[in-house]
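The block underneath contains the structure these notes are about, expressed in structure tokens.
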Amino acid sequence: MISNHYVHTFQNRDGASGDTIVEALIANSSTFGKKTVFSQEKYKLKKQKKYAPKVLLRRPSTRSICETYFKKSPARTGFMRVDALSLLLSMANVGPYSDVLVVDMVGGLVVGAVAERLGGTGYVCSTYLGSAPSSIDIIRMYNLSSDMTSRIVQAPLGDLCSLQNSFNASSVLKDSIQAEGPEPNTVPVENTEPSIPQPVDTTVLDEKAQSSEVQPTNIDISEPTMDEQINQDDNSSLDCKGNDVSSIASKSLRAGKAPSPEKMKYWNEHGFSSLIVAAPGHEVESFVADLLPLLSYSAPFAIYHQYLQPLAACMHSLQVSKTAIGLQISEPWLREYQVLPSRTHPHMQMNAFGGYILSGIRIHNGDACNGIQ
Amino acid sequence: MMVPLNPSAKPTSQRRIAEGDNVVVYERHDAMRAVTVRAGGVLQNRFGVFRHDDWLGRPFGCKVYSTGGGGGGGRGGGKAGAGFVHLLAPTPELWTLVLSHRTQILYIADISLVVAYLELVPGCVVFESGTGSGSLTTSLARAVAPHGRVCTFDFHEQRATSAREDFERNGLSSLITVAVRDIQSEGFPEEQRGAADAVFLDLPQPWLAIPSAGITLKQDGVLCSFSPCIEQVQRACEAMRSCFTDIRTFEILLRTYEVREGALKGAADDEECNAGPLPHKRRKLLPPAKTSDGIHNPSSVMVRPCSTAKGHTGYLTFARLRVHGG
């Protein structure tokens with residue numbers, strides 16, 4: 001048997017390739033010959049992994065990004081497993097031209113996934129309690145094109161709700177709302193990126209910050225054309241990515257702008273087409289009660305949580321208030337299999353928990369009379 | 001229109017019900033159906049008689065009442081005209097629950113995992129065989145819309161026709177092409193070589209179609225094969241090994257929970273283990289339960305898993321086409 005010390009010498013001094021080392025290990029192993037064919041295969045793969053590692057470059061996708069965070073730092077993404085995230089996207093009917101309202105406290109994983117599915121159409125409005133949004137850094141992993149990132153806006157919940165209240169109060173005030181709508185860019189640009197892991201040239205950041213403050217007005221004007229020039233394929237996003245640090249910084253600044261007053265007014269009148277909540281450490285019952293009125297009727301919603309009781313309480317209060325139907329609490333169960341000749345069975349280790357989801361559809365609550373309203 | 005295809009077509013939930021619209025009539029959590037609204041049309045169900053004319057101009061998500069002559073309504077039976085239903089805008093999820101089953105279909109858990117692992121985004125081209133009842137196909141269309149394409153094949157001519165009609169009815173014809181073809185024996189059409197970003201197979205003998213799937217896929221494209229039986233999975237994986245890598249097989253299930261308000265009995269109470277009325281979806285706030293010694297236990301919301309669940313649907317195997325020179 002070759003000792004570890006010998007292998008290191010082999011590697012470092014003689015510069016032997018990984019494959020050569022593996023072969024040498026096999027040749028010198030006293031027990032190798034006695035192993036079964038399966039065992040030998042397993043041994044070889046194990047040694048190859050250690051001494052002859054291969055690195056594959058893959059393009060990122062919702063699936064791979066979610067799986068990576070789940071494996072490496074699940075606490076950051078609220079223990080949201082891939083199947084749970086996929087369910088959220090389906091249950092919330094995320095598709096082209098949707099206006100999706102999102103509460104993302106899982107680092108931006110959900111915002112990025114929604115933006116990817118929107119493909120440069122519609123909007124994802126990431127809302128938050130309080131004055132400062134939580135980090136949505138993870139959207140930078142998605143390789144989103146500039147069309148797609150421009151669809152990501154951020155607005156405090158207070159703004160969305162207050163606009164609604166003033167609208168509901170009196171329709172006479174409708175015109176005055178246009179005049180005194182919410183200030184664009186109430187959220188200073190710096191706040192949208194509270195923590196940037198890689199070192200970024202601060203002068204570049206400041207320049208971008210200055211120019212981006214002017215941008216909201218420009219975006220308003222060009223909005224109709226943006227809806228028309230649909231981003232065809234994510235292939236275009238493959239071109240504009242990678243090592244350019246300043247382009248990464250500018251992309252993240254493009255995302256997370258405050259929505260224009262016109263857009264706020266539109267959403268106030270029509271409602272969002274669906275809602276996803278991923279606040280796995282928060283109490284959700286009252287949160288959701290504030291969010292649901294922002295949706296249009298018949299809009300689906302999906303609420304992710306790490307704990308069952310908050311969702312149960314939320315579901316119950318929605319049942320009592322009769323503001324939603326089709327309510328269901330689901331827990332996805334996912335198991336992976338090893339499929340090999342004569343060795344097919346589920347993996348010996350599995351993850352037992354990927355989150356809970358409360359889903360439903362907002363409805364018009366209130367007694368309607370027969371006939372046209 | 002189930003999936004908006006241009007900016008002027010607002011998602012259906014944002015406009016009013018008009019003649020010719022498809023609505024999903026929600027009677028109960030386990031009773032829904034798709035109805036096309038027609039002037040003078042009528043829907044009859046356990047809650048009464050509903051006139052389509054009453055629905056015109058109402059928003060999706062509204063509650064509509066029966067016009068009397070019906071049986072027990074949604075609230076306290078017996079009163080004529082008290083029955084109600086909700087009218088919902090159709091989505092691929094609702095469609096899966098209301099479509100007519102010509103074959104066994106895929107449900108939301110499998111569908112959502114397939115869309116995620118096939119890495120479908122707007123603009124992608126995805127090939128599918130067999131079409132079946134079009135449950136997955138509808139969700140694939142949403143994932144690739146507005147400029148992507150779904151090319152779906154089924155060997156059964158009548159089923160292909162029914163599926164085509166469904167897609168037409170749901171406004172998805174521009175996204176989905178249905179063709180009659182036996183993929184197992186003929187493979188995908190030669191002229192579609194290298195056209196697909198993703199391929200999905202739900203066939204009795206998928207290994208016969210896997211080489212053709214490999215030819216139809218673009219480099220690094222993703223394949224998915226769905227099979228109920230493990231023997232099929234084994235043969236499919238075997239067939240994949242030469243041209244595909246990252247072969248992974250999963251099964252996914254959903255466990256659902258039921259919620260009820262009530263109070264658990266204290267130690268001094270009745271021995272009877274029945275903890276109150278059976279849970280049901282429509283709910284009022286219950287008064288706190290009164291115990292035998294007259295003390296009110298505070299009622300709380302209790303939750304537990306549902307006892308009925310799907311045990312198995314099928315195995316999902318995903319794989320990537322090997323990149324040459326890689």
Side-chain angles (χ1 to χ4, degrees), chain A residues 61-63 82-83 85-87 89-91 93 95-98 116-121 227-228 230-234 270-271 273 296-300 308-309 312-313 315-316 319-320 325-337 339 341 344 361-364 368 370-373, chain B residues 3-4 7 9-11 13-14 26 29 54 56-65 67 86 88-89 91-93 108-109 111-113 115-117 119 121-123 139 142-143 145-147 230 233-234 237-238 248-257 259 261 281 283-285 301 303 315:
Chain A
S61 64
T62 299
R63 191 269 307 168
V82 180
D83 50 333
L85 178 56
S86 319
L87 274 164
L89 297 169
S90 285
M91 286 167 162
N93 190 28
Y97 303 108
S98 298
E116 193 189 58
R117 289 277 176 103
L118 291 177
T121 64
D227 281 324
E228 284 152 44
I230 292 120
N231 182 40
Q232 298 253 353
D233 199 356
D234 67 330
H270 296 101
S273 49
S296 43
Y297 299 121
S298 192
L308 191 50
Q309 300 104 293
M315 176 164 169
H316 184 259
Q319 281 171 331
V320 167
I325 53 172
L327 290 164
Q328 174 166 293
I329 296 178
S330 315
E331 181 195 345
W333 184 88
L334 183 71
R335 190 154 81 173
E336 190 165 359
Y337 279 69
V339 179
T344 297
I361 300 172
R362 189 202 176 197
I363 48 158
H364 186 281
N370 280 339
I372 298 164
Q373 239 177 350
Chain B
V3 175
K10 304 185 229 174
S13 57
Q14 295 178 1
Y26 182 100
H29 66 277
D54 295 341
L56 300 172
R58 303 289 306 285
F60 285 92
C62 70
K63 185 175 181 179
V64 292
Y65 288 89
T67 51
H86 285 92
L88 301 176
T91 62
E93 281 62 51
I108 189 173
I111 290 172
S112 60
L113 200 69
V115 173
Y117 267 83
E119 300 176 1
V121 291
S139 289
R142 173 182 58 193
H147 291 301
I230 198 70
V233 174
Q234 287 177 300
C237 289
E238 192 62 50
R248 297 177 75 180
T249 302
F250 299 93
E251 58 175 342
I252 179 171
L253 291 170
L254 281 188
R255 181 182 225 200
T256 51
Y257 288 78
V259 157
E261 187 182 13
K281 290 288 180 173
R283 197 154 307 284
K284 293 191 280 267
L285 271 168
V301 174
V303 56
Y315 301 100

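Each chain gets a letter, A, B and so on, in the order its sequence line appears, and its residues count up from 1. In this text, all values refer to a predicted model and were calculated from it rather than measured experimentally.
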Residue from Ile111(B), Val233(B), Ile108(B) scoring the most non-hydrogen pairs under 4.5 Å with chain A is Ile108(B)
Let me confirm one number: the CZ-CG distance from Arg117(A) to Asn93(A), rounded to the nearest 0.5 Å. 11.0 Å
Ile361(A), part contacting chain B, at a heavy-atom distance under 4.5 Å: side chain
Leu85(A) versus chain B, heavy atoms under 4.5 Å apart: side chain, backbone, both or neither? neither
Any idea which heavy atoms bring Ala145(B) and Pro122(B) closest together, and the distance? O-CB, 3.2 Å
Does the pair Glu93(B)/Arg142(B) count as a salt bridge with the N-to-O cut at 4.0 Å? yes
Non-hydrogen atoms of chain B under 4.5 Å away: do they reach the side chain of Ser61(A), the backbone, both or neither? side chain
Which distance, rounded to the nearest 0.5 Å, do you find between the CZ of Arg63(A) and the CG of Leu113(B)? 10.0 Å
Note, Phe250(B) side chain near Arg335(A) side chain (heavy atom, < 4.5 Å): no
Of the listed residues (Leu118(A), Asp83(A), Leu89(A)), which shares the most heavy-atom pairs with chain B below a 4.5 Å separation? Asp83(A)
